[in-house]
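Just so you know, ligand 1 is whichever comes first in the structure, and atom 1 is the first atom listed for that ligand.
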Amino acid sequence: MESDKSPIYQTLDLPLLYEKKVHVVVKRLDLMHPGMQGNKYYKLRYNIMEAKKRGHSQLLTFGGTFSNHIHATAMASEKAGIRAIGIIRGEISEPLNPTLADARQQGMHLYPLSRSEYRDKQSDQVLGKLRSVFGDFYLIPEGGTNAFAIQGASEILSDEDASMQVIALPVGTGGTLAGIAGSALPHQRVLGFSALKGDFIRKEVRHLLDSHHISLTIPVEIQTDFHFGGYAKFTPELIDFIKQMQIQANLPLDPVYTGKLFFGLFELIRKNYFPKGSKILALHTGGLQGIRGFNQRFGLDL
Ligand SMILES: *Cc1c(COP(=O)(O)O)cnc(C)c1O
């Protein structure tokens with residue numbers, strides 16, 4: 001694949017950070033090439049290379065109607081010249097929402113799966129049905145997390161990040177966090193903020209690390225208090241925070257992942273969780289494409 005442009009860094013300049021003497025630098029993965037940005041790009045890179053290496057002419061993956069993963073897969077596949085099939089949970093209603101319209105425009109073939117079949121999407125039965133419809137394909141799981149994704153995510157951190165002490169990032173499946181945890185330096189620690197409700201994610205990440213033979217030599221912690229009701233759930237407080245960050249810090253955030261990351265991070269800073277002088281690198285993992293659909297669906301003006 002084409003080489004990626006290096007992400008841009010943004011140092012946040014806000015009264016709270018002065019008061020607490022904490023440095024926050026944002027690594028803007030959202031500002032890379034428009035078609036290849038965010039953590040999903042890193043997660044897809046080696047998967048697409050592997051699909052081609054194995055001689056596949058198409059790949060297939062799963063996602064909801066607003067999925068960043070579906071969107072990124074469509075973009076990256078188009079760039080790499082491989083056909084992409086997007087299996088969408090529930091119905092695909094026309095006109096398409098902005099996420100699916102982009103995906104189709106990049107040539108992704110969209111195919112709906114009933115919610116009950118979608119639940120069993122990894123079963124032999126459902127995969128067999130999809131193979132009878134589409135023929136052979138390279139399979140990427142929902143959310144994109146597998147060994148190749150973790151390998152890709154381990155390239156998010158670079159030499160320029162060596163002086164940072166804390167790496168903060170949002171967590172969905174934990175695939176990105178697993179890659180970061182395996183590639184952070186000995187003096188760094190990793191702090192994930194779960195976008196989903198519940199403590200299960202800690203176990204899941206431990207399982208991910210074990211099954212990919214990543215043995216931790218640094219502290220890795222996941223905050224589970226900033227889910228705002230669960231995946232893609234939000235409150236007026238979160239929406240207000242996102243708007244304020246845009247105005248005061250010129251930092252665009254999405255309500256599903258990065259908004260929750262920064263809300264949680266600032267809450268911890270406020271509570272003196274980090275010693276004075278701490279250098280925090282916050283990963284802006286992308287996801288801004290989803291805002292358009294979010295606004296339409298909930299009548300918001302983000
Ligand atoms: C998918 C996604 C995440 C979560 O990544 P995981 O590897 O599933 O933990 C975080 N931020 C954004 C913007 C995403 O799209």
Between Y42 and Q151: side-chain donor-acceptor atoms closer than 3.5 Å: no
Audit row: F234, F228, ring pair (Phe, Tyr, Trp, His ring centres under 6.0 Å) steps and yes/no: CA-CA 5 Å; F234 62 91; F228 291 87; 9.5 Å; no
Parallel, tilted or perpendicular, as decided by the 30° and 60° cut-offs, for the rings of H284 and F262: tilted
Backbone of Y257 reached by a side-chain donor or acceptor of D254 within 3.5 Å: yes
Any donor-acceptor N or O pair under 3.5 Å, side chains S158, K27: yes
Within the 4.0 Å heavy-atom sphere of ligand 1, strictly under, residues: N39, K40, K43, N68, P170, V171, G172, T173, G174, G175, T176, Y257, T285, G286, G287
Side chain to side chain donor-acceptor pair (under 3.5 Å) assessment of Q289 paired with N68: CA-CA 7 Å; Q289 70 82 24; N68 293 332; 2.7 Å; yes
